[in-house]
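Per chain, numbering begins at 1; letters A, B, ... match sequence-line order. The structure displayed is predicted, hence computed values, not measured ones. Side chains are part of it too, since the values below use all heavy atoms of this structure and drop only hydrogens, waters and symmetry mates.
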Protein chains: 2
Amino acid sequence: MTITTAEENYLKAIFKIAEKEDKAVLTNSIAAAMNTAAASVTDMLKRLAEKQLIKYEKYRGVELTEDGNRLATTLIRKHRLWEVFLVEKLGFAWDEVHDLAEQLEHVQGEPLIDRLDNFLGHPRFDPHGDPIPDAQGRWTFRQQVRVSLLQPGEKGILTGVDDHATPFLQYLDQIGVALGIEIQLLDRTEYDQSVQVRISGKTEVTLSEKVAQNLLVIKG
Amino acid sequence: MTITTAEENYLKAIFKIAEKEDKAVLTNSIAAAMNTAAASVTDMLKRLAEKQLIKYEKYRGVELTEDGNRLATTLIRKHRLWEVFLVEKLGFAWDEVHDLAEQLEHVQGEPLIDRLDNFLGHPRFDPHGDPIPDAQGRWTFRQQVRVSLLQPGEKGILTGVDDHATPFLQYLDQIGVALGIEIQLLDRTEYDQSVQVRISGKTEVTLSEKVAQNLLVIKG
DNA sequence: AATAATTTTTAGATTAACCTAAAAATTATT
DNA sequence: AATAATTTTTAGGTTAATCTAAAAATTATT
């Protein structure tokens with residue numbers, strides 16, 4: 001059985017939606033995530049159900065089967081490994097790699113991804129701090145907290161960002177925020193929930209609530 | 001204007017056929033090269049002509065336009081750079097990389113290929129000794145001769161192989177023949193045109209005419 | 001509970017890339 | 001030159017992946 005690029009993309013979208021919400025994944029959520037008409041999604045869901053990659057009940061939404069889950073996990077593994085390659089080896093910035101990885105993840109061949117993983121030194125996180133499942137599909141979990149939830153005085157090491165959009169990442173570059181730096185919360189303004197933080201023990205900046213919610217740190 | 005993967009593959013096939021024969025490239029040659037029905041080729045030729053990538057005259061064959069030539073050259077550049085990456089960086093054998101490169105060559109993004117080229121140190125030849133056009137589409141030419149045409153006593157450095165098929169390449173591995181080694185022609189058997197050669201100044205082996213024709217050396 | 005609003009599916013089309021079979025054009029052979 | 005053989009094109013279909021518009025099912029609201 002062959003799985004097409006389009007099918008892979010649907011599986012990945014379903015996986016990612018299911019990750020957030022724990023109910024069945026609805027047609028419209030998928031349509032929104034994929035920028036397609038709901039009718040196209042219904043079409044595809046039938047095909048994926050046919051191939052036993054999802055459990056699909058009309059009007060009730062879908063769930064990945066074990067096979068579907070495995071495929072989606074592998075796809076995410078490939079995507080994130082390619083992102084590491086693009087940043088670490090080719091020198092791309094972290095806001096430039098998404099679209100390329102989106103293409104590279106569909107290149108077929110087990111040995112390729114295993115060798116790439118090896119070449120990169122089995123990285124466990126991608127350039128945005130997202131975990132990379134290993135060859136057996138196992139995830140590495142970390143105890144991360146949003147900067148927006150720190151108490152004044154508390155600090156942590158930046159280990160992830162929730163928003164991967166270019167403008168956000170470039171803004172972080174501009175204010176000197178990158179993975180691995182220390183962020184200490186100095187104060188919170190009650191009115192708009194913006195926070196004052198100290199970066200790397202040096203610069204002090206104010207972050208809007210929206211920005212602070214998108215920064216993930218490991219406390220301590 | 002978007003160029004699809006299928007279109008790219010046709011352009012590449014046309015380029016490669018035109019390289020060998022200097023007449024117009026005929027529908028059936030393309031069909032043979034691509035393993036498709038002649039009717040499918042005609043279909044595609046119309047589309048490529050529409051997009052000004054080929055000059056097409058019914059029943060008369062085709063020729064690449066400047067745009068078509070540029071696209072085909074870039075595709076070959078991408079293919080061969082990826083092959084270098086797979087062999088040099090990921091440790092694949094030279095007979096394992098074709099299919100992967102065939103997929104990787106279709107990943108879109110100028111910066112990607114330029115950075116890859118840079119990462120690899122601007123290689124001018126791929127793992128089979130084929131030249132890699134530079135970013136401006138310029139080729140490196142070499143004065144190569146087939147081992148089958150050497151005179152007894154003459155020697156050369158192996159710089160290329162004409163057949164890229166796995167069985168041939170694995171046979172070469174087995175008898176210790178790799179790019180860069182020295183090959184000296186000792187004797188030729190008139191009956192079947194097989195040749196006795198000395199490899200790296202050490203081993204002596206007999207090569208069939210077919211094998212000798214597929215080995216390219218620079219004399220001296 | 002009936003009706004309104006929303007979501008999802010079905011119906012019917014479109015496009016790219018393929019196919020087979022038949023027709024047309026070109027090339028080779030008597 | 002006429003006919004035979006070959007090559008190429010046209011005609012008509014198929015499949016995956018998309019679409020819009022209409023119908024059906026579900027959910028929310030009076």
D117(A) with R77(A): basic N within carboxylate O range, under 4.0 Å:
yes
Interatomic distance where CG belongs to L53(A) and P belongs to dA16(D) [whole Å]
14 Å
Pairing of DNA chain C as dot-bracket, 5' to 3': ( ) intra-strand, [ ] crossing, | other strand, . unpaired, with Watson-Crick or G-U pairs under 3.5 Å?
||||||||||||||||||||||||||||||
Rounded to whole Å, how long is the line connecting atom NZ of K51(B) with atom C1' of dA17(C)?
12 Å
Atom pair distance, as rounded to whole Å: CD1 in I3(A) and P in dA17(D)
11 Å
What is the distance from CG of N9(B) to P of dA17(C), rounded to the nearest Å?
10 Å
What is the distance from OH of Y10(A) to P of dA17(D), rounded to the nearest Å?
9 Å
Do H106(B) and L75(B) have side chains that approach each other closer than 4.5 Å (heavy atoms only, starting at C-beta)?
yes
Does a side chain donor of either H79(B) or D126(B) reach within less than 3.5 Å of an acceptor in the other side chain?
no
Report the distance from atom CD of E7(A) to atom P of dT15(D), rounded to the nearest whole Å.
15 Å
Heavy atoms only: give me the nearest V177(A)-W94(A) pair and the separation to one decimal.
O-CZ2, 4.0 Å
If we ignore angles and hydrogens, is there a donor and acceptor under 3.5 Å between the side chains of T159(B) and Q144(B)?
yes
Spacing of L48(A) atom CG relative to dT18(D) atom P, expressed in whole Å:
11 Å
Exactly one of Q108(A), K78(A), E105(A) clears side-chain contact (heavy atoms from CB on, under 4.5 Å) with I113(A), and that residue is K78(A)
Mind calculating the distance between CD (E8(A)) and C1' (dA16(D)) to the nearest angstrom?
15 Å
If you only use heavy atoms from C-beta on, which nucleotide in dC19(D), dA17(D), dC18(C) is closest to the side chain of T4(A)?
dA17(D)
Could you check whether any side-chain N or O of S208(A) sits under 3.5 Å from a backbone N or O of V211(A), counting only pairs where one atom can act as donor and the other as acceptor?
yes
At under 4.0 Å between heavy atoms, which parts of nucleotides 7-13 of chain C does protein reach? Answer with one letter per nucleotide, 5' to 3': B base, S sugar-phosphate only, - none.
SBBB---
Look at T36(B) and dC18(C) and indicate whether a side-chain polar atom (N or O) is within less than 4.0 Å of OP1 or OP2.
no
Find out whether F125(A) and R142(A) are in side-chain contact, i.e. whether some heavy atom of one side chain is under 4.5 Å from a heavy atom of the other.
yes
Any side-chain donor paired with an acceptor under 3.5 Å for D192(A) and S194(A)?
yes
